[in-house]
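In what follows, a structure is listed as structure tokens, so that the remarks can point back to it.
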Amino acid sequence: MFMPITKNSYFKSAGLVAFAVALLIGILAAAGFGQDPGRKVFETKCFSCHNIGGGNKQGPDLKGVTDRRSEEWLKEFIRTPTAMSRKDQDAASLFKDFAPEIMPDQSLTDEEMDSLLKTIKTLSDSGEMFTPEGAKLARPIRRSDVREGWRLFTGQKEFENGGVACSTCHGIGSFGSYGGGTLGPDLTATNIKYRDPELILILQEPNFPTMTEMFRDHKLTEEEIVQVFAYLKHSKEVSPNAAIAATTDSGAVEPRFLITGFVFTVLALVGLNFVWRKRHGNVRGDIVERSKI
Ligand code: HEC
Ligand code: HEC
């Protein structure tokens, strides 16, 4: 049935639009502007020395610390670490482990402390790594990203915006012997050198002359950044000497690498056999020589 646009229905839909706009603003505010105060404190006062997930820096990784220590212990330690190290066994051994670094006393209000501890707990429980604003991945890493990142890195899959494959200039671990470039530094365990957010920033805005030039008009997409990052991170977690590039989603080694490994093993055995035969000959020769005397 046809409904004429009466004044009444016009106002109704205008009201609806206004409501939708208000809702949107509300969601945006909740997501962005009402930033978790604990994150803010951590980013400005603790992040330079501590990760939450992502490994030790100057100080220990704080992932799970809210489960390891009691709330009272944490509050006292964070405010007065040095004083506490003189009377508390756990604090003392931390100081020993991380010497010569010393955590400075942190003056936090009660609210800051509470929201900080809540943030650490939330991130630890969800397994999410703390990243400062700006240097964030667009989404959490999935298992398949390591492989996709490897395909991007090696040029098997092209970058959407036409960036040059990383392997043109970089080798990574054993993969280097598969034709990885040598113009840029080997990136095995790059993550050990760079903290995660720093690495993400490099992928967003590389600050090295050659790379800046190459990627200025060919930026990686957010999705590609997640994948290449996942791959580089994986290269740290696996032993730097392992065939990093060869691992697939399931952690299984690709047939190509197995075959190469097999060929090398056979070659090595043949070579070893050859050497040993010669030695045998020499030993026997020595004995023969000696028995002559
Ligand atoms: C200048 C570097 C630095 C800063 C800044 C810093 N810390 Fe630390 N933190 C350390 C070091 C180093 C240790 C190990 C103990 C020591 O040697 O002082 C430590 C230890 C800790 C521990 C004990 C961890 C455990 O495993 O029990 C907690 C908790 C902690 N810091 C929280 C914080 C918080 C929260 C902030 C920010 C409000 C912060 N730290 C700022 C360097 C720092
Ligand atoms: C045209 C060659 C080239 C390409 C392509 C390239 N890089 Fe680089 N990259 C370099 C050079 C050269 C450096 C070293 C710059 C310096 O030390 O000043 C570098 C440095 C780096 C570093 C810092 C390494 C360190 O040890 O300090 C990272 C990380 C990195 N590149 C990642 C990548 C990734 C990921 C890609 C692919 C998306 C890529 N690069 C593509 C040339 C390249």
Side-chain angles (χ1 to χ4, degrees), residues 38 40-52 56-71 73-85 88 90-109 112-113 115-117 119-120 130 149-150 152-155 158-159 161-172 180-194 196 198-204 206-215 218-221 224-225 227-233 235-236:
K40 190 105 203 107
V41 176
F42 189 81
E43 183 167 339
T44 50
K45 299 198 166 170
C46 322
F47 181 63
S48 52
C49 299
H50 292 287
N51 275 329
I52 304 173
N56 292 351
K57 295 201 286 194
Q58 273 199 35
D61 191 335
L62 296 185
K63 182 174 177 179
V65 79
T66 46
D67 295 331
R68 287 200 299 275
R69 316 277 190 203
S70 73
E71 194 177 323
W73 190 95
L74 283 172
K75 286 182 173 173
E76 190 177 347
F77 183 90
I78 292 168
R79 291 204 165 103
T80 55
T82 305
M84 198 147 160
S85 74
D88 180 279
D90 292 334
S93 66
L94 267 175
F95 266 63
K96 221 169 111 200
D97 290 347
F98 285 84
E101 309 298 345
I102 286 179
M103 172 162 156
D105 290 0
Q106 305 290 315
S107 57
L108 301 174
T109 65
E112 284 176 329
M113 181 67 86
S115 52
L116 179 67
L117 295 182
T119 297
I120 295 175
F130 179 86
W150 171 57
L152 287 166
F153 192 94
T154 53
E158 286 179 7
F159 285 116
N161 297 327
V164 183
C166 320
S167 64
T168 314
C169 305
H170 293 287
I172 188 159
T182 47
L183 181 56
D186 186 284
L187 293 185
T188 306
T190 302
N191 260 48
I192 291 168
K193 178 167 168 187
Y194 291 102
D196 292 341
E198 289 167 343
L199 198 56
I200 294 169
L201 280 174
I202 290 176
L203 296 176
Q204 289 170 342
N207 248 329
F208 311 109
T210 325
M211 277 179 69
T212 312
E213 204 57 43
M214 276 294 197
F215 289 96
H218 308 283
K219 293 222 179 310
L220 271 58
T221 63
E224 288 165 348
I225 288 173
Q227 296 175 342
V228 175
F229 174 81
Y231 171 60
L232 292 175
K233 189 163 173 62
S235 82
K236 169 192 175 186

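Ligands are counted one by one from 1 in listed order, and the atoms in each one are counted from 1 as well. Heads up: numbering here begins at 1 and tracks the sequence.
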Note to self: List ligand 1 atoms under 4.0 Å from Gln58, heavy atoms only on the residue side.
What the structure shows: 2 (C), 12 (C)
Check: What protein heavy atom sits nearest atom 17 (O) of ligand 1, and how far off is it?
Finding: Glu101 O, 3.0 Å
Notebook entry, point to check: Between Ala165 and ligand 2, which residue portion shows a heavy-atom distance shorter than 4.0 Å: side chain, backbone, both, or neither?
Noted result: backbone
Check: If you look at every heavy atom in Ala91 and Trp73, which pair is closest and at what distance?
Finding: N-CZ2, 4.0 Å
Checklist line | Passing option when Gln106 is tested against Lys45, Met113, Arg79 for side-chain contact (heavy atoms from CB on, under 4.5 Å) | finding: Lys45
Item checked: Nearest-0.5 Å distance, NZ of residue Lys57 to CG of residue Asn51 -> 4.0 Å
Check: Tell me, which protein residue and heavy-atom name are nearest atom 5 (C) of ligand 1, and how many Å apart are they?
Finding: Lys45 O, 3.3 Å
Next item on the list: Please could you name the atoms of ligand 2 that Val228 approaches to less than 4.0 Å, counting only its heavy atoms?
Entry: 35 (C)
Notebook entry, point to check: How long is the gap from OG on Ser167 to CH2 on Trp150, to the nearest 0.5 Å?
Noted result: 10.5 Å
Checklist line | Minimum-distance pair of heavy atoms, taken over all atoms of Asp105 and Pro81 | finding: OD1-CD, 3.1 Å
Margin query: I want to check a possible cation-pi pair here: Lys63 against Phe130, using under 6.0 Å from ring centre and within 45° of the ring axis as the test.
Written below: no
Margin query: Quick one: does any side-chain atom of Thr80 pair with a main-chain N or O of Phe77 as donor and acceptor, under 3.5 Å?
Written below: no
Margin query: With a 4.5 Å cut-off on side-chain heavy atoms, are Leu94 and Pro60 touching?
Written below: yes
Next item on the list: Supply the atom-to-atom distance Leu117 CG to Leu62 CG, rounded to the nearest 0.5 angstrom.
Entry: 10.0 Å
Next item on the list: Provide, to 0.1 Å, the distance between atom 27 (O) of ligand 1 and the closest protein heavy atom, together with that atom's residue and name.
Entry: Arg69 NE, 2.7 Å
Margin query: Within ligand 1, which atoms have a heavy atom of Ile102 less than 4.0 Å away?
Written below: 18 (O)
Margin query: Using a cut-off of 2.8 Å, how many protein N, O or S atoms sit around atom 8 (Fe) of ligand 1?
Written below: 2
Check: What atoms in ligand 1 come closer than 4.0 Å to a heavy atom of Leu74?
Finding: 29 (C)
Check: Heavy atom under 4.0 Å from ligand 2: found in Thr210's side chain, backbone, both, or neither?
Finding: side chain
Margin query: Using 0.5 Å steps for rounding, measure from the SG atom of Cys166 to the CE atom of Met214.
Written below: 11.5 Å
Margin query: Does any part of the side chain of Phe42, heavy atoms only, come nearer than 4.5 Å to the side chain of Ser115, both counted from C-beta?
Written below: no
Check: Atoms of ligand 1 less than 4.0 Å from Leu116 heavy atoms?
Finding: 35 (C)
Item checked: Gap separating the CD1 atom of Ile225 from the CG atom of Leu152, nearest 0.5 angstrom -> 11.0 Å
Notebook entry, point to check: In the protein, which heavy atom is nearest to atom 21 (C) of ligand 1, and how far is it?
Noted result: Phe77 CE2, 3.2 Å
Next item on the list: Check ligand 2 against Cys169 and write out every atom of the ligand that is under 4.0 Å from a heavy-atom position of the residue.
Entry: 1 (C), 2 (C), 3 (C), 4 (C), 5 (C), 42 (C), 43 (C)
Margin query: To the nearest 0.5 Å, what is the distance between CZ on Phe215 and CG on Leu220?
Written below: 6.0 Å
Next item on the list: Measure from atom 25 (C) of ligand 1 to every heavy atom in Thr119, Leu94, Ile120 and give the option owning the shortest one.
Entry: Leu94
Note to self: I need the atoms of ligand 1 closer than 4.0 Å to a non-hydrogen atom of Trp73, numbered in the order shown.
What the structure shows: 27 (O)
Notebook entry, point to check: For ligand 2, which atoms, with element, lie under 4.0 Å from some heavy atom of Leu203?
Noted result: 35 (C)
Notebook entry, point to check: Just which atoms of ligand 2 are under 4.0 Å from any heavy atom in Met214?
Noted result: 1 (C)
Checklist line | Arg69, Lys96, Arg68 screened by salt bridge (Lys or Arg N to Asp or Glu O under 4.0 Å) with Asp90, the one that passes | finding: Arg69
Margin query: Side chain, backbone, both or neither: which applies to Ala99 and ligand 1 if a contact is any heavy-atom pair less than 4.0 Å apart?
Written below: neither
Next item on the list: Look at atom CD of Glu158 and say whether more than 12 heavy atoms of other residues, nucleotides or ligands are closer to it than 6.0 Å.
Entry: no
Check: Out of the N/O/S atoms in His170, what is the name of the one closest to atom 8 (Fe) of ligand 2?
Finding: NE2
Next item on the list: Would you check whether Leu199 reaches within less than 4.0 Å of ligand 2, judged by its heavy atoms?
Entry: yes
Margin query: For Asp97, which part has a heavy atom under 4.0 Å from ligand 1: side chain, backbone, both, or neither?
Written below: neither
Margin query: Closer than 4.0 Å to some heavy atom of Phe159 - which atoms of ligand 2 meet that?
Written below: 38 (C)
Check: Can you tell which part of Phe42 has a heavy atom less than 4.0 Å from ligand 1: side chain, backbone, both or neither?
Finding: neither
Notebook entry, point to check: Which ligand 1 atoms, with their elements, are less than 4.0 angstrom from a heavy-atom of Arg68?
Noted result: 26 (O)
Checklist line | Listed partners of Thr44 passing side-chain contact (heavy atoms from CB on, under 4.5 Å), at least two apart | finding: none
Next item on the list: Identify the two heavy atoms, one from Gln204 and one from Lys219, that lie closest to each other, and give their separation to 0.1 Å.
Entry: O-CD, 4.1 Å
